[in-house]
Amino acid sequence: MSNDPLIPTSSPWPGLEEARDLIAQARSVFVLTGAGISAESGVPTFRDALTGLWAQFDPEELASEDAYRRQPALVWEWYQHRRALVAAARPNPAHYALAALAAQKPVTLVTQNVDGLHQRAGSEHVIELHGNLFANKWLNGCGRCDEATAIPGDPPCCSLCGALMRPGVVWFGEDLPRVARFRAEHAAETADLCLVVGTSGLVYPAAGLPGLARDHGARVVVVNPQPSALDQTADVVLPAAAGACLPLLWPQSGTETEPD
Ligand code: BV8
């Protein structure tokens with residue numbers, strides 16, 4: 001039982017005490033986050049039937065190179081819409097709580113998210129398995145493509161070779177960045193605790209990481225208000241919203257704010 005005065009003694013969710021103890025005892029924590037950790041920041045998840053981005057579009061229809069080649073303007077517009085939405089969002093207490101944990105013990109934070117909210121909450125060395133929404137690259141560029149050669153448009157294209165600018169995210173059917181994937185797998189294999197927050201556990205190879213951690217001896221804690229495909233790998237499943245739950249799992253510094 002925690003004696004931290006900042007943490008209430010009651011346990012609003014079954015498993016909270018056990019999760020607290022596992023985190024307190026952990027020497028090295030591997031964290032995997034998904035779209036759910038940003039839900040309380042107002043960023044739609046992919047599977048929320050009410051507001052989910054995928055509710056409007058078939059994911060294979062938009063988040064793939066094939067879709068981009070077929071409908072560049074539509075896909076580019078979808079990413080511009082998401083960029084504006086994320087830019088207006090702010091990190092929530094779950095993002096700040098993870099940044100606070102990293103100040104208390106070794107944490108490797110691996111995210112499937114492309115919204116950059118972990119970094120805005122102060123987390124460093126975030127491993128972005130699926131890239132970043134605010135990065136751009138080129139679709140089969142000439143090697144000299146850059147902002148200086150870009151002809152403005154939706155999407156911009158290279159004045160030298162005509163290549164289309166594209167979002168710097170990992171699309172379905174594309175391999176994950178090798179270094180990011182290697183670092184994430186190494187962290188999963190060497191941690192003694194795996195904390196999974198806000199993911200349906202349906203998108204691979206990211207969804208395989210908690211199982212890899214478990215196979216190497218880690219205990220697993222899942223935080224998700226809904227059942228997920230990763231529950232069967234968990235020692236503890238907390239049926240909770242991340243923003244409400246994470247600040248109760250370990251001591252917080254109480255200074256969590258984003259500069260205006
Ligand atoms: C690849 C960037 C091969 C783009 C994204 C097995 C092995 C390997 C691959 C596959 C495989 N099986 C199938 C595949 C193919 C595919 C795949 O996994 N498909 C799925 C749909 C079945 N995988 C791939 O294509 C990957 N590439 O394997 O390449 C290869 C190998 C070598 C060489 C060439 C190729 C690439 C996958 C990356 C795709 N890109 N994002 C963009 O964002 O536009 S994935 C995208 O969707 C997100 O990044 C995220 O990762 C994913 C959605 O998952 P979640 O984050 O979990 O979000 P979701 O909405 O599903 O769930 C939210 C959860 O939050 C819910 O459970 C909800 O209950 C919970 N929640 C809600 N509110 C809260 C909350 N939790 C806590 N608190 C709250 N308040």
Side-chain angles (χ1 to χ4, degrees), residues 13 31-68 74-83 85-86 89 91-95 97-98 110-118 126-137 166-178 180-181 184-185 195-212 221-231 234 237-249:
W13 303 283
V31 182
L32 176 69
T33 65
I37 199 170
S38 297
E40 289 151 279
S41 295
V43 178
T45 68
F46 285 78
R47 285 174 178 77
D48 180 336
L50 298 181
T51 61
L53 295 167
W54 287 1
Q56 305 164 47
F57 305 105
D58 173 349
E60 307 301 324
E61 273 307 299
L62 290 185
S64 71
E65 180 176 329
D66 179 49
Y68 199 55
L74 172 69
V75 177
W76 181 259
E77 180 191 345
W78 183 52
Y79 281 96
Q80 293 295 84
H81 162 74
R82 290 172 63 191
R83 285 167 170 169
L85 191 143
V86 168
N92 68 60
H95 297 106
L98 285 174
V110 177
T111 189
Q112 303 172 85
N113 300 339
V114 296
D115 58 30
L117 288 177
H118 284 302
V126 178
I127 299 176
E128 294 179 310
L129 288 180
H130 295 158
N132 188 290
L133 201 53
F134 298 98
N136 284 310
K137 55 188 188 179
R166 56 157 286 183
V169 298
V170 177
W171 278 331
F172 286 98
E174 292 184 329
D175 202 8
L176 274 54
R178 292 183 189 286
R181 185 172 179 179
E185 290 171 347
L195 177 62
V196 183
V197 186
T199 180
S200 60
L202 297 176
V203 175
Y204 281 81
L209 291 168
L212 182 66
V221 174
V222 165
V223 177
N224 192 326
Q226 300 297 328
S228 83
L230 295 173
D231 291 358
V237 176
L238 293 175
C245 178
L246 262 55
L248 301 182
L249 289 178

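Because the structure is a prediction, the values reported are computed rather than measured. Both ligands and their constituent atoms are indexed starting at 1 by order of listing. Any value given below was found using the heavy atoms of this structure, including those in side chains, with hydrogens, waters and symmetry copies removed.
Polar contact with ligand 1: present for A35 (N/O pair, distance under 3.5 Å). Between A242 and ligand 1, an N or O atom pair is found at a separation short of 3.5 Å. No N or O atom of P227 sits closer than 3.5 Å to an N or O atom of ligand 1. Here's the thing with V170: one of its N/O atoms is less than 3.5 angstrom from an N/O atom of ligand 1. Between E40 and ligand 1, a contact under 3.5 Å exists for at least one N or O pair. Where the criterion is an N or O separation shorter than 3.5 Å, residue side chain and backbone included, N113 fails it with respect to ligand 1.
The two atoms that bring L129 and L176 nearest to each other are O-CG, 3.5 Å, heavy atoms only. Between P91 and S41, the closest heavy-atom pair is C-OG, 3.6 Å. Closest heavy-atom contact between I37 and A94: CG1-CB, 3.6 Å.
The closest approach between any non-hydrogen atom of A206 and ligand 1 is not below 4.0 Å. Under a 4.0 Å heavy-atom criterion, S228 is not in contact with ligand 1.
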Salt bridge (Lys or Arg N to Asp or Glu O under 4.0 Å) between K137 and E65, intermediate numbers included:
CA-CA 13 Å; K137 55 188 188 179; E65 180 176 329; over 6 Å; no
Check the pair S200 / S228 against side-chain hydrogen bond (donor to acceptor under 3.5 Å, both in side chains), numbers first and verdict last.
CA-CA 5 Å; S200 60; S228 83; over 6 Å; no
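A cation-pi arrangement is present between R83 and W76 under the rule of less than 6.0 angstrom and at most 45 degrees off the ring axis.
Looking at T45, N224, L133 and measuring to atom 66 (C) of ligand 1, the nearest heavy atom belongs to N224. Considering each of G173, G34, G208, the one bringing a non-hydrogen atom nearest atom 25 (O) of ligand 1 is G173. Considering Q112, H130, R82 only, the shortest heavy-atom separation from atom 5 (C) of ligand 1 involves H130. Counting only non-hydrogen atoms, the option in I37, D175, L176 that gets closest to atom 31 (C) of ligand 1 is D175. Across G198, A229, A240, heavy-atom proximity to atom 76 (N) of ligand 1 is greatest for G198. For atom 20 (C) of ligand 1, the choice among V114, V222, L202, T199 with the nearest heavy atom turns out to be L202. The heavy atom nearest to atom 44 (O) of ligand 1, considering only W171, Y204, Y79, is found in Y79.
Across L117, V31, T33, T111, a single residue satisfies side-chain contact (heavy atoms from CB on, under 4.5 Å) together with V126, and that is T111.
The proximity of E174 to ligand 1, defined as any non-hydrogen pair under 4.0 Å, is limited to the backbone.
Those atoms of ligand 1 that come under 4.0 Å of a heavy atom in S200, given as number and element, are 57 (O), 59 (P), 61 (O), 62 (O), 64 (C), 67 (O). Those atoms of ligand 1 that come under 4.0 Å of a heavy atom in Q226, given as number and element, are 69 (O).
With contacts defined as side-chain heavy-atom distances shorter than 4.5 Å, the pair W171/L62 does not qualify. V203 has its side chain within reach of H130: a pair of non-hydrogen atoms, C-beta onward, lies under 4.5 Å apart.
Checking Q112 against T199 by side-chain atom types alone, a donor-acceptor pair falls below 3.5 Å.
No more than 12 heavy atoms of other residues, nucleotides or ligands lie within 6.0 Å of CD in E77, so this atom counts as exposed by the packing criterion.
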